[in-house]
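Below you'll find the structure, written out as structure tokens, and then a few comments.
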Amino acid sequence: MEQIENKFKKFRKKFIDELRLLDSKYSIFVNIQDAKENKIEVLQVERVFFRVIEKTLVSDLIISLGRLYEGYNREGSDKRKKQQYTIKEFLNFLESHPKFTKKYNIELEQIEAHKNDLEEKKTLIKNVFKWRNKYYAHADFTELEKIKNTAKVKYEDIRFLIDFAYDILNYYFVKFDGINYLIDLNCNKELDDLLDMTIKYRKIREEYFKYRINIQDFTRSNQTNDVSDFLIELEEIIFGSLPKGVDRKNET
């Protein structure tokens with residue numbers, strides 16, 4: 001029994017880590033979308049950077065969901081090597097250990113009900129896999145237009161599949177030891193802080209370059225060592241805060 005319980009704990013840790021990452025990535029993506037709609041200054045200025053972030057998040061969400069739901073994208077038995085940490089394998093694991101499920105009051109009827117729920121969502125799950133297999137994970141761009149028309153996946157569908165997986169899995173986690181594992185890490189505050197700091201930084205930099213000519217003129221007119229050294233040091237402090245790659249001589 002101890003070996004089975006340890007296996008269950010491995011499943012739980014893997015799933016909770018995966019779900020927390022999925023939830024965080026989706027929350028960041030939505031927060032960026034909201035910021036764009038509200039025309040936050042930094043997203044308008046740094047649009048290329050945030051566009052790359054958006055595309056990366058969507059790609060990773062699709063691929064990560066594929067790992068979680070692997071097995072529900074195919075009909076019949078799969079003779080390939082079984083995926084170790086998927087919802088399908090987890091439910092099969094529970095069914096194959098009746099002494100374990102009995103000890104923790106896990107009803108086989110509930111496992112079957114969850115399997116049926118997953119079957120009902122198979123069309124949506126398959127659409128996610130079409131995007132993963134034909135676009136995000138493999139370069140089969142000849143199928144792109146077909147996928148757009150026949151395998152529609154909305155952003156709210158991604159949110160639904162994250163919550164759907166969590167609701168199924170957390171049911172068994174609570175049964176095991178009564179602990180309700182939350183997946184919402186509330187990382188939006190960190191993104192908001194980052195956006196605020198970026199806006200403040202740009203304003204400081206713009207103000208500096210606005211008065212830079214005056215600083216340079218003042219430096220040339222004050223050639224005593226103490227004043228000159230101080231102004232050079234001040235300039236280095238200000239420029240030292242700029243990201244690597246910024247053209248310090250030509251930027252205006």
Side-chain angles (χ1 to χ4, degrees), residues 1-27 60-133 136-137 150-186:
M1 182 64 70
E2 183 179 355
Q3 185 177 1
I4 298 171
E5 289 173 341
N6 288 336
K7 177 67 174 177
F8 180 94
K9 291 176 183 177
K10 287 182 179 179
F11 268 115
R12 181 175 61 185
K13 185 180 186 310
K14 177 67 176 178
F15 286 138
I16 290 298
D17 289 346
E18 188 77 73
L19 286 166
R20 282 174 174 168
L21 282 172
L22 278 164
D23 184 84
S24 296
K25 286 179 281 193
Y26 185 84
S27 297
D60 197 69
L61 283 165
I62 293 294
I63 292 174
S64 296
L65 281 173
R67 285 199 301 268
L68 203 58
Y69 284 97
E70 190 74 60
Y72 288 101
N73 55 320
R74 295 180 291 274
E75 301 290 349
S77 61
D78 185 7
K79 296 182 179 179
R80 293 182 294 181
K81 183 178 179 181
K82 292 182 178 180
Q83 302 295 317
Q84 191 172 8
Y85 294 106
T86 67
I87 298 174
K88 187 171 187 177
E89 285 306 309
F90 177 66
L91 295 179
N92 289 339
F93 162 79
L94 292 174
E95 278 188 326
S96 64
H97 294 94
K99 291 182 179 179
F100 174 84
T101 54
K102 183 177 181 180
K103 178 180 177 180
Y104 293 101
N105 297 317
I106 297 172
E107 298 178 356
L108 296 179
E109 290 80 2
Q110 184 58 63
I111 299 175
E112 190 63 30
H114 281 149
K115 284 189 169 185
N116 291 336
D117 290 341
L118 285 158
E119 286 295 324
E120 290 178 3
K121 301 298 184 292
K122 210 165 187 177
T123 298
L124 175 57
I125 293 170
K126 282 186 174 182
N127 286 347
V128 169
F129 277 97
K130 287 177 183 177
W131 278 100
R132 185 197 71 171
N133 296 339
Y136 288 107
T150 62
K152 296 186 182 299
V153 177
K154 296 178 289 187
Y155 293 133
E156 50 264 40
D157 292 330
I158 294 176
R159 176 74 265 174
F160 169 80
L161 288 174
I162 296 171
D163 293 337
F164 184 54
Y166 172 74
D167 289 342
I168 290 176
L169 295 169
N170 197 53
Y171 169 83
Y172 301 104
F173 301 160
V174 173
K175 281 285 187 178
F176 181 67
D177 57 12
I179 299 175
N180 185 25
Y181 287 84
L182 301 179
I183 61 171
D184 182 5
L185 301 181
N186 192 22

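Treat the numbers as computed from the prediction; the structure is a model and nothing was measured.
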Side-chain heavy atoms of Tyr172 within contact of Leu91, under 4.5 Å: yes
Residue of the set Asp163, Asp17, Leu65, Asp60 for which side-chain contact (heavy atoms from CB on, under 4.5 Å) holds with Leu22: Leu65
Interatomic spacing from CZ in Phe8 to CE in Met1 - rounded to 0.5 Å: 12.5 Å
Atom pair CD (Glu156) and CG (Leu161), whose distance is rounded to the nearest 0.5 Å: 11.5 Å
Salt bridge Arg132-Glu70, side-chain N to carboxylate O under 4.0 Å: yes
Euclidean distance, Trp131 CH2 relative to Leu61 CG, rounded to 0.5 Å: 14.0 Å
Aromatic ring proximity Tyr171/His114, centre distance under 6.0 Å: yes
Asp157 (side chain) donor-acceptor with Lys154 (main chain) under 3.5 angstrom: yes
Geometric cation-pi criterion Lys7 and Phe11, 6.0 Å radius, 45° cone: yes
Heavy atoms from other residues, nucleotides or ligands near NZ of Lys14 exceed 12 (cutoff 6.0 Å): no
Ring-face cation contact, Phe90 with Lys115, 6.0 Å cut, 45° max: no
Lys121/Asp117 ion pair, N-O < 4.0 Å: no
Short side-chain to backbone donor-acceptor contact, Arg20 and Leu182, under 3.5 Å: yes
Distance in Å, Ile162 CD1 paired with Ser27 OG, rounded so as to fall on 0.5 Å steps: 8.0 Å
Shortest non-hydrogen contact between Lys175 and Asn105, atoms and distance: NZ-O, 3.1 Å
Side chains of Arg67 and Tyr85 in contact at under 4.5 Å (non-hydrogen atoms): no
Check: Tyr155 side chain, Tyr26 main-chain N or O, donor-acceptor pair, under 3.5 Å: no
Close side-chain approach of Glu5 to Phe176, heavy-atom, < 4.5 Å: yes
Residue pair Glu95, Glu112: steps toward the side chain to side chain contact (heavy atoms under 4.5 Å, CB included) verdict: CA-CA 9 Å; Glu95 278 188 326; Glu112 190 63 30; 3.6 Å; yes
Phe15 vs Phe173 side-chain heavy atoms within contact, under 4.5 Å: yes
Ring center gap for Tyr104 and Phe100 short of 6.0 angstrom: yes
Spacing of Asn170 atom CG and Leu19 atom CG [to the nearest 0.5 Å]: 9.0 Å
Main-chain N/O of Pro98 paired to Thr101 side chain as donor or acceptor, under 3.5 Å: yes
Crowding at NZ, Lys102 (>12 non-hydrogen neighbours, <6.0 Å): no
Electrostatic pair Arg159-Asp23, nearest N-O below 4.0 angstrom: yes
Approximate separation, where rounding is to 0.5 Å, of Glu18 CD and Ile87 CD1: 10.0 Å
